[in-house]
Amino acid sequence: MKPFYITTAIDYTNAPPHIGHAYEKVLADVMARFQRLQGRQVYFLTGVDQHGQKVQKSADAAGLSPQAFVDGITAHFTSLWDKLNVRYDGWAATTDPRHKRVVQAMLQKLHNCGQLYKKSYSGHYSVRQEQFLTDKERGPDGNFGEEWGEVVEIEEENWYFKLSDHVEWLQNYIRSHPDFITPAFRTADVLNALDSSGGQDLCISRPAERLSWGIPLPFDERFVNYVWFDALTNYISFAGYLADECGNEGLPRFADLWPADAEIIGKDILVPAHAIYWMTMLHALGFTDEQMPRLIVHGWWNIKGAKMSKSLGNVVDPNSLADQLTPDGLRYYLMRDIATGYDSDFNDERILMSYNKELAGGLGNLLNRSINMAQKYRNGLLVAGDYDDPENAALRQTVTESLSVYSESMNAWAIHDGIAAAWKIVTHANAFVDSTKPFSLAKDPSQAARLDSVLYHLAEAWVHLSVLLDPIIPTAMATARAQLGWEMPSGFVLTDLKWGMLQSGHQINTPIPLFPRLETNAE
RNA sequence: GGCAGGGUAGCUCAGUGGUAGAGCAAGGGACUCAUAAGCCCUGGGUCGGGAGUUCAAUUCUCCCCCCUGCCA
């Protein structure tokens, strides 16, 4: 089976990352880790989009060269991914010379087969903002506002891509491939957009005198490529597309990886960028229906009901949250409090509460009390024994059921349901302690066999948790396994997980709180 | 105006053609191994409004209202 190729949107390097960036990358990382846990080989690509006008202007304003400017912002992204344990295999930076070569080769290819043409366009141009204005930018009085400064009418030549040639194919492709977009309801937006503006070709250039920070068109050096053929191309250029003819090295073999099993994007860049521009670009390059990527479209984190925006001043900084909650605490919240594909409400009181209640009080405390009792009553020595009863059997059954629900949910991108499935074990095991009362059994020598079985069941339930939750909170689960004295054998896959991972006579380690409880401001 | 999503317990949200569920929050109780954690019990919703299909609708159909987003 081919490797699971998973990508994310590449982030624009004109401002540091916010919680939405973090969510998308953690989602990709969780899925990558889950696929590996299923025994699948994985290639995880993420990166940054570094070209364009905004970067050029921000760099000018900061008195830096564009490259120095984007290097600085890029460092914010890479250090955040390190901190959050987002473990990617490939890094797509659009200023990478290998990427530029592929973009140019692609453009040349399309030019050769007549898919690109030059056309002049005249319109209103804001000198101050260095951009063309459309009717959208007009104020209520029909004029362009003060913020645009001097507005002049100019005529400009540019290169266009014959997107319209591929619209009919795309409509058919979408109708016949219901798996193309997850969640499926987003498909309607795409078809709708195609119906209303399907005849429009795509402008792919800017005159070099206006935009210098970009990739020159190989067949017309007076122009620089504008956005789409640069940014979207990363998904194939860094997967080794045209590597041989471009002399690119150190990249995967394209034939092995492509098509992408999951291109994770936000709902804002589905239409038109990914579902229309990207798909028609691929089609124009000769990619077949079988070589099209699958899109996974996620929703947004709103902040207490409002959209997150710099002007509202409610941008949530993932760095400080990771410091406060630990990286795993943040990863957990980002995965459990949103249904993949939908929006969710980010609430700083709720995130603390869920950390304390679920991670500290539920999951962490279960590990702590289980290990602590094993140490206290048996010096950490677990005995499997022959004793059994319905309560033990019920816990084992919960573990088994949870495993299958987890697996099904995760494969369907319902991470929150996967977590909920694992949490069935947490809840049951905590109740199991209260109903079996190992602390009472310990006082009665005639109950020794039962006590052993209870302690063993708790440890074994936790071994299962440490595997199921590993993709989501990998650091904490590695710590937990160390406390349990159990390591996942190398090459261990989900289907290897069965009751009885711990041998009789297993020695357990010392308990240390996994997620120390955090004080809240309210107290 | 068109399209999409949503309108279910105080809050955040699941869910299903057969007299509604979870987590959190609130109230009460028993316990003590544990991170004052965990466990048990309780309260409370005419599932946005109306009509239709059906033996039966929160779940299907139609109309309307409200919120959000995209497009025009």
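Everything numeric in this text was worked out from a predicted model, so none of it was measured.
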*Asks:* Between A/Trp423 (CH2) and B/G38 (P), how many Å, whole number?
*Replies:* 12 Å
*Asks:* Quick one: sort the A/Tyr23 and A/His298 rings into parallel, tilted or perpendicular, breaks at 30° and 60°.
*Replies:* perpendicular
*Asks:* Around atom NZ of A/Lys267, are there more than 12 heavy atoms of other residues, nucleotides or ligands at under 6.0 Å?
*Replies:* yes
*Asks:* What distance, rounded to whole Å, do you find between the two C1' atoms, one in B/U16 and one in B/A56?
*Replies:* 14 Å
*Asks:* Should A/Lys357 be listed as having a side-chain N or O under 4.0 Å from OP1 or OP2 of B/G38?
*Replies:* yes
*Asks:* Please work out whether the ring planes of A/His177 and A/Tyr173 are parallel, tilted or perpendicular, with thresholds of 30° and 60°.
*Replies:* parallel
*Asks:* Between A/Trp499 and A/His464, does the ring centroid distance fall short of 6.0 Å?
*Replies:* yes
*Asks:* Check the surroundings of atom CG in A/Asp386: do more than 12 heavy atoms from other residues, nucleotides or ligands lie under 6.0 Å from it?
*Replies:* no
*Asks:* Using the P atom as the reference point in each nucleotide, state the distance between B/G48 and B/G10 in Å, no decimals.
*Replies:* 13 Å
*Asks:* Tell me, which pairs form a salt bridge (Lys or Arg N to Asp or Glu O under 4.0 Å) where one or both residues lie in residues 452-475 of chain A, sequence neighbours left out?
*Replies:* A/Arg378-A/Asp452, A/Asp470-A/Arg481
*Asks:* Check every strand shown and say whether A/Leu366 touches a base, only sugar-phosphate, or nothing at a heavy-atom separation below 4.0 Å.
*Replies:* nothing
*Asks:* Indicate whether the side chain of A/Ser122 and that of A/Glu156 have a donor and an acceptor atom separated by less than 3.5 Å.
*Replies:* no
*Asks:* Describe, in one word, how the ring planes of A/Phe346 and A/Trp301 are oriented to each other, choosing from parallel (under 30°), tilted (30 to 60°) and perpendicular (over 60°).
*Replies:* perpendicular
*Asks:* Specify the separation, in whole Å, of atom NZ of A/Lys424 and atom C1' of B/G21.
*Replies:* 11 Å
*Asks:* Indicate, with a heavy-atom threshold strictly under 4.0 Å, whether A/Gly364 touches base, sugar-phosphate, or nothing.
*Replies:* base
*Asks:* Rounding to the closest angstrom, what is the interatomic distance between B/G27 and B/U19 at atom C1'?
*Replies:* 28 Å
*Asks:* Could you state the CG-P distance from A/Leu270 to B/G69, rounded to the nearest angstrom?
*Replies:* 18 Å
*Asks:* Expressed in whole Å, how much space separates the C1' atoms belonging to B/C24 and B/G44?
*Replies:* 15 Å
*Asks:* Could you give the CD-to-P distance, from A/Glu358 to B/A22, as a whole number of Å?
*Replies:* 15 Å
*Asks:* Expressed as a whole number of angstroms, how long is the span from A/Phe515:CZ to B/G38:C1'?
*Replies:* 17 Å
*Asks:* P atom, B/C41 versus B/A30: distance in rounded Å?
*Replies:* 15 Å
*Asks:* Can you check the A/His428 NE2 to B/G38 P distance for me, whole Å?
*Replies:* 17 Å
*Asks:* Measure CG/A/Leu191 against P/B/C71 and give the value in whole Å, please.
*Replies:* 17 Å
*Asks:* Which part of the nucleic acid, if any, lies within contact of A/Pro516, taking any heavy atom under 4.0 Å across all strands shown: a base, the sugar-phosphate backbone alone, or nothing?
*Replies:* base
*Asks:* Considering only atom P, compute the distance from B/A14 to B/C71 and round it to an integer number of Å.
*Replies:* 25 Å
*Asks:* Distance check needed: B/G23 C1' versus A/Asn356 CG, whole Å only.
*Replies:* 15 Å
*Asks:* Cation-pi check for A/Tyr226 against A/Arg206: NZ or CZ below 6.0 Å from the six-membered ring centre and within 45 degrees of the axis, yes or no?
*Replies:* yes
*Asks:* Give the stems involving RNA chain B, where a stem is 3 or more consecutive Watson-Crick or G-U wobble pairs (i with j, i+1 with j-1, and so on) under 3.5 Å.
*Replies:* B:1-7 with B:65-71, B:10-13 with B:21-24, B:26-29 with B:39-42, B:48-52 with B:60-64
*Asks:* Relative to the 5' end of RNA chain B, which residue comes earlier, A/Gly362 or A/Leu514, by the nucleotide with the nearest heavy atom?
*Replies:* A/Leu514
*Asks:* Would you call the rings of A/Trp423 and A/Tyr332 parallel, tilted or perpendicular if under 30° counts as parallel and over 60° as perpendicular?
*Replies:* tilted
*Asks:* Please report the distance separating the P of B/G2 from the corresponding atom of B/A57, rounded so that it comes out in whole Å.
*Replies:* 31 Å
*Asks:* Between A/Thr427 and A/Ile512, who's closer to the 5' end of RNA chain B by nearest nucleotide?
*Replies:* A/Ile512
*Asks:* If you draw a 6.0 Å radius around CD in A/Gln507, do more than 12 non-hydrogen atoms from other residues or ligands fall strictly inside?
*Replies:* yes
*Asks:* Does a side chain donor of either A/Asn85 or A/Thr475 reach within less than 3.5 Å of an acceptor in the other side chain?
*Replies:* yes
*Asks:* Is a side-chain donor-acceptor pair under 3.5 Å present for A/Asn411 with A/Gln38?
*Replies:* yes
*Asks:* Near RNA chain B, under 4.0 Å by heavy atom, which residues of residues 393-404 of chain A?
*Replies:* none
*Asks:* What residues, two or more places apart in sequence or in another chain, satisfy side-chain contact (heavy atoms from CB on, under 4.5 Å) together with A/Asp317?
*Replies:* A/Asn319, A/Ser320
*Asks:* Could you verify whether a donor N or O on one side chain and an acceptor N or O on the other, from A/Asp201 and A/Tyr117, lie under 3.5 Å apart?
*Replies:* yes
*Asks:* For B/A9 versus B/C33, give the span between their P atoms, rounded off to a whole number of Å.
*Replies:* 41 Å
*Asks:* I'd like to compare against my own output: the B/S/- annotation of nucleotides 3-13 of chain B with a strict under-4.0 Å heavy-atom distance to protein.
*Replies:* SSS--------
*Asks:* One character per nucleotide, please: for nucleotides 29-34 of chain B, 5' to 3', B when the base has a protein heavy atom closer than 4.0 Å, S when only the sugar-phosphate does, - otherwise.
*Replies:* --SSBB
*Asks:* Kindly say whether the aromatic ring centers of A/Phe161 and A/His166 come within a distance under 6.0 Å.
*Replies:* yes
